[in-house]
Trainee: 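Structure in structure tokens, see below.
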Amino acid sequence: MATPLRSNRDFRLLWMSGLFAVLGSQMSALALPLLILKETGSAVQAGTVGTVSICAVLITMLPGGVMADRVERRRLMRVCDAGSLLAVTALTVAVWNGHAPMVLVLLVATAGAVLNSVYAPAAFGLLRAVVPPDQMGTATARLQARTATVRLVGPLVGGALFGIHEALPFTAQFLGLFLSTVCVALVRTRSAAHKKAGSVFSRDELTAGLGFLWQLPYLRTVLLVFGLGMNFAFGALTFTALAVFSEGGRSGLGGGFVITCVSAGALVGALLAPRLSPDRHIRALLVVTCWSCVLTAGALAWLSSPLVAGLLCAVCMGLSTVASIGFLSTLLVVTPEDRVGRVQSAASFLSSIVQPFGPLAGGALLTALGPRNAFGVVGVVLAVSAAVMTLAPSVRSGAVPPPASPAAPEADAEDSDAPGPHEPAVRPVPDAPGPREPAVRPVPDAAGPGAL
């Protein structure tokens with residue numbers, strides 16, 4: 001009988017590690033652009049930090065997955081933690097001394113983004129070794145609930161600390177990363193691929209994760225339609241709602257309420273996921289989520305109430321979160337152990353690559369067509385995606401893993417007697433990713449791994 005998650009020591013440590021790391025990164029994500037604005041008075045320079053970070057994440061995401069399949073994952077996470085602590089320490093000291101050069105800020109933000117690209121697939125690989133497959137859905141839901149809660153609280157705490165002294169949010173981030181590092185250091189389970197990946201910059205290795213996803217029609221369809229199409233359209237939808245209900249920038253109350261509702265929807269979805277068994281009802285969740293987004297776009301074209309808009313967007317985000325939890329747990333179970341890092345980073349890459357363009361498209365539509373027509377066009381894109389998800393045979397069939405290849409001997413002698421559950425037999429579970437919370441943070445977990 002598997003150990004309950006509440007009694008699983010290593011899972012608790014990973015959960016707490018992520019809590020400290022994400023809380024710190026959320027506080028600094030709000031404080032960093034405020035610091036740059038205070039130092040330089042330039043909104044362009046403040047925006048540059050976010051752009052550089054996003055580009056660094058996208059460029060290093062696939063190599064990070066390869067690295068996670070080459071090096072023992074717990075060890076790799078420790079190295080990333082040490083690098084993040086060094087970067088945050090440099091920034092914190094500079095701010096306490098009264099001057100943080102733009103070059104230092106860019107270096108710290110870039111280092112954090114790169115380290116996070118390596119840390120995330122390693123953390124998911126370690127999670128798979130720590131949690132048995134029949135508990136993966138519950139574990140993923142608890143991680144998502146923790147992150148959604150921190151995203152609601154972190155920016156508020158960071159803003160309050162910045163108001164007292166501009167160095168306090170970065171000091172808090174340093175403390176959070178230090179505690180996160182301690183938690184990872186205490187984890188006993190080790191996770192190393194039985195067959196190590198090749199060169200980090202090999203074309204075959206960089207595309208191995210994408211190739212695996214392409215082999216399974218279910219994963220391919222869901223990632224392309226629900227991960228790219230719906231994520232792009234929902235980003236345009238939420239940005240358009242933000243602009244419309246903020247009255248063109250004259251008031252932030254209505255738009256801020258909509259964004260808060262979206263974050264609250266993500267939290268509620270993560271809390272409800274264990275009760276809804278998303279792995280058993282994933283196709284229904286996918287279809288309902290898609291058509292809910294379509295109905296929301298249609299409603300926003302005719303309604304002018306931010307209260308209704310916020311509640312509708314919260315419902316869409318909650319449903320999407322439940323479906324995403326099911327997809328992630330399925331991905332971890334179906335993926336061969338020696339490719340979990342590359343596959344996870346490839347799935348994240350596909351779902352993230354269009355995210356920066358959703359708000360841009362929403363703004364362009366709003367400027368060219370006006371609110372009603374902009375919501376209408378977004379609704380059409382959502383409807384096409386919803387129709388594909390409803391009718392595609394590959395979505396109905398679910399995720400069927402490819403034939404497993406014989407396992408090679410373990411490559412790292414240090415991990416031959418690693419404690420913790422053995423790798424489970426791969427079993428198919430039908431599931432999905434999708435619309436995400438709007439990227440209101442200018443820096444994606446800058447200056448530190450976002451943990452799990």
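Quick note: residue numbers are just sequence positions, from 1.
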Trainee: When rounded to the nearest 0.5 angstrom, what distance separates CG in L186 from CZ in R9?
Mentor: 6.0 Å

Trainee: Working to the nearest 0.5 angstrom, can you tell me the gap between L382 CG and T289 OG1?
Mentor: 11.5 Å

Trainee: Would you indicate whether the side-chain heavy atoms of V340 and R73 approach each other to under 4.5 Å?
Mentor: yes

Trainee: Quickly, which of S28, S25, S84 forms a side chain to side chain donor-acceptor pair (under 3.5 Å) with Q173? Name it, please.
Mentor: S28

Trainee: Among V187, V182, V130, exactly one meets side-chain contact (heavy atoms from CB on, under 4.5 Å) together with L13. Which residue is that?
Mentor: V187

Trainee: So which atom in S117 and which in T60 form the shortest heavy-atom distance, rounded to 0.1 Å?
Mentor: OG-OG1, 2.9 Å

Trainee: When rounded to the nearest 0.5 angstrom, what is the spacing between OG1 in T149 and CD in Q26?
Mentor: 11.5 Å

Trainee: With a 3.5 Å cut-off and no angle check, do the side chains of Q344 and S348 form a donor-acceptor pair?
Mentor: yes

Trainee: Look up atom CG in L23 and atom CG in L175, then write down how far apart they are to the nearest 0.5 Å.
Mentor: 10.5 Å

Trainee: Between CD of E205 and CE of M67, what distance do you get to the nearest 0.5 Å?
Mentor: 11.5 Å

Trainee: Considering only heavy atoms from C-beta outward, does the side chain of L168 approach that of M27 to under 4.5 Å?
Mentor: no

Trainee: Does a side-chain heavy-atom distance below 4.5 Å link F170 with L35?
Mentor: yes

Trainee: Starting at CH2 of W15, measure out to CZ of R146 and round the result to the nearest 0.5 Å.
Mentor: 7.0 Å

